[in-house]
Amino acid sequence: MALEYPLANNISAHEIRNSYRLRREQAEAAEAAEAAANGEEPSGQPANGDNETQDEEDEEAAQAESSAMAAERSRKRKRDQDEAIAKIKKGKVNKKKAAKKKKAGSDEGSDFEMADMYKKAKPLPGQLENCEICEKRFTVTAYSKAGPDGGLLCTPCGKEMTKEAKANEKASKPVIRKARRKIESNRLDGFTSRGSKTLQQLCIEKLAKHSEDIDEFGEMPEAIMNRLSEIFGKKRAMNSTTFKLFLQPDLDKLAIHEAAYLETEDFDQIFAVIPSIKKLSLRNCCQFKDSNMEYMTEKAKSLVELELRGANLVSNDHWINFFITRGGELKTLKLEWLDAAFDDQAVEALSTFCVNLERLKLERCKQLTVNSIDAIARLENLEHLTLKFCHEVPRERLVNLISQVGANLRTLCLENFLDNVNEPTDDVLDAIHNTCHYLSKFRFSDSNECSDAGYVNLFTEWDNPPLSSIDVSSTRDLDNTSPEGPEDFPIGLASAGFKALMAHSGSKIEYLDVASCRHIDHETFANVFDGAKQYPFLREINMSFCPVVDTQIVAAIFRSCPRVKKVVTFGCFEVQDVVVPRGIVLIGAPKAHDAIEQFGDTVMDFQRELQKEMGRVVPGVFFGVLRHGLPWMGEKATMRA
Amino acid sequence: MADADATADADANANLTEYVTLVSNDGFEFKILRSAAYLAGAIKNSLKPTYGFKEGSENRVDLPTINGVVLEKVCEYLYYNQKHAESKDVPDMEIPPELCLELLIAADYLDV
């Protein structure tokens with residue numbers, strides 16, 4: 001075809017010239033005729049073909065007919081002319097299309113001519129011919145397909161050919177583009193995409209796809225039920241019908257992670273079918289109303305864990321009533337996204353009646369103010385406390401809360417606690433240092449009030465054992481005029497604080513979030529992660545928007561943290577072509593465009609040792625490192641001091 | 001793929017076969033590669049010679065809770081998993097919807 005193509009082109013070029021000349025001649029002739037018929041028309045007008053001439057002639061004849069109605073006619077004429085022009089324009093387009101078609105047709109024709117110059121002439125439609133593939137005799141039609149060697153095919157063979165051609169076309173299309181969004185989504189979720197999914201995962205996804213056809217789940221382990229509920233929620237397949245599959249009378253625990261499609265009656269079903277329910281979690285339960293609350297209060301006598309998210313149709317009185325009746329047994333209460341009701345009075349009732357509460361989470365409940373803080377301070381049995389308020393809270397009340405309940409706490413999460421009235425101090429951190437001795441999870445984020453010295457003080461000689469989870473993200477100075485913050489008096493977790501933190505908890509830490517802690521300098525990062533010091537349990541680290549983090553630091557983290565699975569570096573522009581080891585995902589590195597594939601391919605030498613321990617050998621280890629041309633030692637040589 | 005465990009154990013215990021037999025509750029026997037069978041946690045643990053179960057010495061695992069149809073699919077998955085262990089963006093294995101629930105329970109039991 002490559003050779004025939006220019007030939008075919010030449011011929012059609014010749015044809016184009018011919019047809020152009022022909023059209024020119026026609027147009028000229030028409031123009032001449034027009035000029036002859038109508039002297040006043042300028043001959044410079046574009047040649048519009050036969051139509052116009054015809055129209056003009058008609059007009060002329062009409063004009064000659066009567067001159068009395070000239071005025072009216074001239075108006076009419078104008079209109080007619082407009083119409084005619086519109087018609088001509090249309091005609092032109094059609095003609096062009098026709099010409100194109102013709103041209104294409106003739107192209108093909110000439111194609112065959114050239115190709116078949118030395119071959120036997122092809123039989124015309126209506127003649128008989130032997131099929132090239134099956135050798136059967138058949139009648140040639142205009143639709144007969146050409147075979148692979150240039151002969152003709154009978155109808156069944158032709159059909160086969162087109163089928164195959166279509167299949168080939170499909171196969172040659174890149175499939176990866178389709179799944180690209182999925183891949184990106186998985187990457188952000190931190191899933192490394194190597195290998196296949198587990199069989200359980202495959203089955204659950206398939207089930208969610210066919211959710212409407214399932215009659216019942218039968219006996220399922222609780223963990224699988226929960227996983228099913230998660231996937232159903234994610235696929236938006238949790239509705240009134242599929243929801244009933246999850247209601248099994250002998251269940252202890254029910255978790256509906258996405259209840260937005262459920263109706264008010266559905267929620268009543270839960271307590272009707274499973275009156276012995278112990279743990280209930282409903283997220284986005286928008287239609288959970290007062291009536292449901294009443295029914296739950298009456299029926300669910302064994303309830304010890306309750307999580308409701310977005311239950312905005314429950315009024316204050318019903319919350320209070322629930323706490324009065326069922327509060328005594330409650331161990332866990334998690335309420336989020338409540339803005340219409342649930343105010344300080346409800347929290348007052350909560351702290352009065354839920355005396356055995358061990359775990360409390362109140363996030364984004366808009367009506368809550370400092371009075372609630374004081375009420376929570378009376379809950380002596382708390383072990384896990386998570387608070388995120390929408391109103392400002394005076395620091396001394398927060399300090400009071402910590403000193404009241406802090407001694408037993410395992411989890412303490414305080415997000416976005418600000419006090420713009422009083423001068424910033426480190427009292428909160430001091431209170432935590434002095435009261436809390438059993439923490440394993442600590443979050444203190446979105447605060448620009450505590451100083452670096454405060455964090456140093458918190459983590460130095462703290463009689464709390466090393467923490468496993470720390471989130472101190474977005475603790476930094478917020479003065480736009482000095483982005484570096486006050487130099488002599490750093491605000492937020494800065495270099496010294498970060499050192500103290502890692503010195504205190506480095507041996508046990510699993511999750512670390514220091515996103516937006518802008519005042520930690522490069523030297524500190526390089527010292528903490530020097531490739532030799534080991535943080536054996538660190539699984540996930542987020543250093544987004546710490547501008548000093550660079551390739552060297554990320555590479556050192558891979559070395560220093562043998563268990564690390566996920567490294568997040570949004571907004572770290574210094575992180576460039578880093579070699580990501582196998583099994584680790586690096587997210588967000590904005591400049592690593594060349595290496596956009598951030599899933600590790602390389603098995604580093606230190607990983608080999610680990611793998612030997614775990615009893616797996618992956619061949620071709622060193623090739624991987626060398627192929628990338630950036631083995632660890634080379635990188636170390638370029639380290640900045 | 002050379003499985004480190006398999007080779008290491010082979011030195012210690014020479015009567016490890018390359019293939020093992022999985023038996024369904026309706027009597028179907030599936031002979032599959034040991035390395036593939038080891039991908040299922042429960043099967044691996046029952047076959048490991050160090051644990052000294054009867055399954056280990058006979059290289060044969062009876063699975064009285066799983067029927068032949070499901071076990072066939074499980075075996076298919078084990079090979080599929082082994083084949084794709086090193087590749088990226090693996091296409092999902094086709095599972096007939098009517099088998100899903102039974103397969104899910106089997107997968108939970110076998111830890112795959």
Side-chain angles (χ1 to χ4, degrees), chain A residues 174-180 182-184 186-187 191-228 231 245 582 597 599-601 603 608 611-620 624, chain B residues 1-12 35-45 48 50 65-66 70-112:
Chain A
V175 196
I176 293 171
R177 282 211 69 78
K178 227 185 195 171
R180 170 147 180 200
K182 187 77 217 147
I183 294 168
E184 294 294 336
N186 282 345
R187 177 173 302 160
F191 300 137
T192 43
S193 72
R194 187 171 297 282
S196 51
K197 292 174 186 161
T198 64
L199 186 54
Q200 294 182 32
Q201 182 74 10
L202 285 172
C203 288
I204 290 175
E205 281 174 13
K206 192 82 182 180
L207 277 177
K209 213 180 270 173
H210 296 271
S211 55
E212 298 296 324
D213 305 331
I214 308 169
D215 293 330
E216 61 171 328
F217 283 145
E219 290 281 314
M220 283 278 179
E222 201 175 279
I224 288 198
M225 284 295 261
N226 189 36
R227 193 86 194 98
L228 276 167
I231 304 265
L245 299 171
R582 162 169 300 190
E597 181 70 355
F599 287 114
D601 255 334
V603 182
R608 277 170 78 213
Q611 269 173 347
K612 259 183 210 158
E613 277 169 36
M614 286 152 67
R616 236 186 319 146
V617 167
V618 181
Chain B
M1 196 185 82
D3 197 303
D5 277 21
T7 45
D9 293 337
D11 295 335
S35 54
Y38 273 22
L39 294 172
I43 298 178
K44 180 179 179 176
N45 287 338
K48 260 200 166 172
T50 40
T65 55
I66 302 175
V70 174
L71 190 57
E72 184 183 1
K73 207 72 195 166
V74 170
C75 294
E76 186 188 334
Y77 171 79
L78 292 174
Y79 275 115
Y80 155 88
N81 190 344
Q82 189 178 41
K83 183 181 159 199
H84 293 294
E86 294 301 309
S87 43
K88 285 182 186 177
D89 306 328
V90 183
D92 286 354
M93 191 177 85
E94 215 27 69
I95 298 173
E98 64 274 13
L99 269 185
C100 264
L101 278 169
E102 282 178 275
L103 198 55
L104 178 57
I105 293 168
D108 178 58
Y109 170 69
L110 294 174
D111 187 21
V112 280

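Every chain is numbered from 1 and lettered A, B, ... according to where its sequence line falls, protein lines coming before strand lines.
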Per-pair distances, 0.1 Å, donor-acceptor, side chain in residues 199-206 of chain A, under 3.5 Å, sequence neighbours excluded:
| residue | atom | partner | partner atom | Å |
| --- | --- | --- | --- | --- |
| Q200(A) | NE2 | A107(B) | O | 3.3 |
| Q201(A) | OE1 | R227(A) | NH2 | 3.1 |
| Q201(A) | NE2 | E205(A) | OE2 | 2.9 |
| E205(A) | OE1 | K197(A) | NZ | 3.1 |
| K206(A) | NZ | E94(B) | OE2 | 2.9 |

Minimum heavy-atom separation for L104(B) and I224(A), please, with both atom names.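 Closest pair (atom of L104(B), atom of I224(A), distance): CD2-CG2, 3.7 Å.
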
If you tally heavy-atom pairs under 4.5 Å between each of I105(B), D111(B), L39(B), L99(B) and chain A, the highest tally belongs to I105(B)

Distance, nearest 0.5 Å, that separates CG of L101(B) from CD1 of I214(A): 6.0 Å

